[in-house]
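As structure tokens, the structure follows; a few thoughts come after it.
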Amino acid sequence: MGSQVFSSTPVSTLLVLCVLFLMPQFALCITRHYTFNIILQNVTRLCTTKSIVTSEREVSGPAASSKGRHGIRQLRSGWADGPAYITQCPIQTGQAYTYNFMITGQRGTLFWHAHISWLRSTVYGPMIILPRRNETYPFEKPYKEVPIIFGEWWNVDPEAVINQALQTGAGPNVSDAYTMNGLPGPLYNCSSKDTFKLKVKQEKTYLLRLINAALNDELFFSIANHSLTVVETDASYIKPFVTDTIVITPGQTTNVLLKTKRFPPNATFLMLASPYFTGMGTFDNSTVAAILEYKQSLSPHIKNLPLYKPTLPLFNSTLFVSNFTRKFKSLANAKFPANVPQTVEKQFFFTVGLGSSPCPNNMTCQGPNGSKFAAAINNVSFALPTTAMLQSHFSGQPYGVYSTDFPAYPASPFNYMGTPPNNTVVGNGTKAVVLRFNTSVELVMQDTSILGAESHPLHLHGFNFFVVGEGFGNFDPDSDPGKFNLVDPVERNTVGVPSGGWVAVRFLADNPGVWFMHCHFEVHTSWGLRMAWIVLDGPLPNQKLPPPPSDLPKC
């Protein structure tokens with residue numbers, strides 16, 4: 001690691017969170033305080049040294065920042081959710097902001113990350129919520145727990161990459177390497193020493209907390225000669241299942257149990273991650289490697305041991321991914337029920353995909369047919385406002401900031417998986433959907449093939465949702481709902497819309513505020529694949545959004 005270079009006026013954020021565990025007789029609330037100073041730090045990877053934006057608490061994280069606690073429900077604490085210009089204005093140089101929120105009823109693996117432009121490339125870290133005191137996991141107690149965070153390394157400034165792409169209208173350059181716990185591993189040049197090693201004991205069970213913090217890539221993950229038991233996703237327990245390979249989209253977390261071998265294997269094993277990619281453009285088709293090493297190996301010299309390598313699926317193995325995602329089911333028992341809405345008050349059908357925007361006059365653009373790349377939901381490419389939406393909503397002054405006419409259905413239905421229309425230009429605006437408190441919602445998200453079918457990991461802030469159905473081709477409103485799983489669907493906060501297909505989710509709008517929904521591919525979010533839900537206050541005092549904190553950043 002290079003020497004630290006501190007900016008003279010760093011951005012500072014203080015997290016004050018109260019973890020509330022509700023029990024039949026009483027409520028136990030434990031308050032935790034964390035301070036994050038966002039600084040510039042010199043870091044060397046792939047023989048390239050550069051100054052990155054990072055947090056003093058983590059080796060991962062400009063002068064302006066905005067942080068989100070990805071997956072925390074933020075019940076009545078939308079002011080602490082984090083997305084820039086949605087719930088707050090960015091924290092400026094020399095400023096500080098205290099995120100005050102309470103974690104109620106959640107436990108498991110989540111993470112925090114920057115939520116402005118492409119700062120998430122280096123500003124991120126794990127957020128682990130342990131079960132309440134004296135409560136056990138609904139699976140075998142692990143000997144040890146190990147977070148493994150997937151990320152990307154860029155030899156250049158990712159901010160410059162996306163700024164150039166937005167200016168020219170072309171697709172952005174791709175990363176130079178993937179990382180595992182910040183290290184690229186021995187398959188990249190100049191990186192043999194920058195390798196994460198997991199040292200294990202024989203005949204033990206390890207809980208690996210997998211987090212995909214990569215900007216633009218879904219990933220396959222596997223460990224040579226070892227199987228994995230999946231037990232949790234997005235901080236929700238699931239019915240355990242065994243697999244050799246994990247698929248994880250940006251924004252998702254997956255907890256797996258790794259049972260080590262009974263006898264010392266006298267070998268070492270590669271842990272590999274490589275991309276799953278279904279788009280038409282370029283991508284970082286490389287592999288990050290880490291090493292699983294047994295402490296009681298018969299040989300004292302690891303270099304003398306045979307090294308086993310897993311076989312990962314091909315980068316475009318859509319059928320493998322579909323079969324994998326269908327294995328996720330909620331526990332759906334008395335202790336961990338699946339409270340999926342059985343009836344629906346509001347139905348929405350969102351098309352998600354790429355399109356184009358016209359090239360400005362006197363410019364040459366490098367997007368489709370001389371245009372600029374864009375992305376949209378129901379043909380609306382979301383434009384970030386210059387004032388935070390939540391503050392405008394709370395003050396009752398949305399005029400000039402956003403409108404509430406986001407379309408519930410495409411204005412002009414077409415064959416979404418058929419021949420693309422000649423006109424690929426999308427609309428543009430800052431639009432939101434308004435929901436009454438406690439409305440039950442069903443949302444079907446349909447991929448389009450306008451500029452090529454592609455998977456899209458969609459993340460909803462403020463809520464968990466139940467994935468009740470998915471399929472390939474066009475969603476059929478007559479036949480497909482009859483196949484929905486309303487018994488034990490998986491509960492998530494991020495779901496991949498299948499390439500060339502659709503996914504259906506249900507949730508209860510029981511959290512007042514303004515909630516961002518966006519693709520977790522940062523390039524698609526930058527192109528406009530995002531929107532906002534506004535949930536109105538309920539009638540009771542504990543169903544209303546409280547006033548903003550006094551130190552809320554100003555635009």
Side-chain angles (χ1 to χ4, degrees), residues 108-109 126 128 137-151 178-187 192 195-212 218-233 237-249 252-276 286-315 317 320-321 323-325 327-328:
T109 303
I128 297 169
Y137 294 120
F139 47 80
E140 179 183 353
K141 182 180 179 180
Y143 168 73
K144 191 176 182 180
E145 303 181 10
V146 182
I148 296 180
I149 308 180
F150 304 107
Y178 299 109
T179 60
M180 211 179 300
N181 285 351
L183 301 171
L187 301 185
S192 59
T195 301
F196 171 64
K197 293 182 179 179
L198 177 58
K199 297 184 178 182
V200 299
K201 294 182 179 180
Q202 65 192 68
E203 209 170 5
K204 298 289 186 183
T205 298
Y206 291 79
L207 179 65
L208 306 184
R209 298 179 178 269
L210 308 178
I211 301 169
N212 189 350
E218 300 175 86
L219 294 169
F220 296 113
F221 171 73
S222 185
I223 304 176
N225 292 26
H226 290 73
S227 60
L228 303 169
T229 302
V230 186
V231 294
E232 179 194 300
T233 185
Y237 296 134
I238 65 166
K239 291 181 172 70
F241 67 89
V242 179
T243 182
D244 293 330
T245 303
I246 300 294
V247 185
I248 185 168
T249 76
Q252 287 183 341
T253 65
T254 304
N255 282 6
V256 299
L257 296 179
L258 167 68
K259 185 162 286 189
T260 57
K261 298 182 180 298
R262 184 176 182 181
F263 301 106
N266 203 31
T268 55
F269 306 89
L270 283 178
M271 305 190 294
L272 299 183
S274 66
Y276 165 58
S286 64
T287 302
V288 56
I291 293 176
L292 179 70
E293 177 184 338
Y294 279 75
K295 291 182 179 179
Q296 287 96 350
S297 173
L298 298 178
S299 172
H301 303 292
I302 187 173
K303 292 183 179 180
N304 299 331
L305 296 175
L307 181 63
Y308 292 100
K309 179 181 179 181
T311 300
L312 294 172
L314 295 176
F315 71 88
S317 299
F320 178 94
V321 173
N323 291 335
F324 177 79
T325 58
K327 294 178 182 178
F328 286 80

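Computation of the quantities below employed the complete heavy-atom set of this structure, encompassing side-chain atoms and omitting hydrogens, waters and symmetry-equivalent molecules.
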Side chains of Ser222 and Leu272: does their closest heavy-atom pair fall under 4.5 Å? no
From the options Phe150, Tyr276, Phe315, select the one residue that forms a ring-ring contact (aromatic ring centres under 6.0 Å, His included) with Phe220. Tyr276
Please tell me if the side chains of Leu207 and Phe139 come closer than 4.5 Å, counting only heavy atoms from C-beta onward. yes
Is a side-chain N or O of Asn181 found less than 3.5 angstrom from the main chain of Ile149, in a donor-acceptor match? yes
Counting only N and O atoms by type, is there a donor-acceptor contact under 3.5 Å from the side chain of Asn212 to the main-chain atoms of Ile248? yes
Sub-4.5 Å side-chain heavy-atom contact between Phe221 and Val256: no
Do the side chains of Leu258 and Leu292 get nearer than 4.5 Å, heavy atoms only? yes
With heavy-atom distances below 4.5 Å as the criterion, would you say the side chains of Leu305 and Tyr294 are in contact? no
Non-neighbouring partners of Thr243 that pass side-chain contact (heavy atoms from CB on, under 4.5 Å), sequence neighbours left out: Val230, Phe241, Ile246, Phe324
Minimal non-hydrogen separation, Tyr237 against Glu232, with atom names: CE2-OE1, 3.6 Å
Result of checking Glu140, Glu203, His226 against Lys259 for side chain to side chain donor-acceptor pair (under 3.5 Å): Glu140
Does the side-chain contact (heavy atoms from CB on, under 4.5 Å) test come out yes or no for Leu219 and Val288, once each step is laid out? CA-CA 10 Å; Leu219 294 169; Val288 56; 6.0 Å; no
Do Thr260 side-chain atoms and Lys204 backbone N/O form a donor-acceptor pair below 3.5 Å? yes
Thr245 versus Thr311, closest heavy-atom pair with distance: OG1-O, 4.5 Å
With the side chain counted from C-beta on, respond yes when Ile223 and Pro310 share a heavy-atom pair under 4.5 Å apart, and no when they do not. no
Please give me the minimum heavy-atom distance between Pro265 and Lys261, naming the atom from each residue. CB-CD, 4.0 Å
Between Thr253 (side chain) and Thr109 (backbone), is there a donor-acceptor pair under 3.5 Å? yes
Shortest non-hydrogen contact from Gly185 toward Thr195: CA-OG1, 3.5 Å
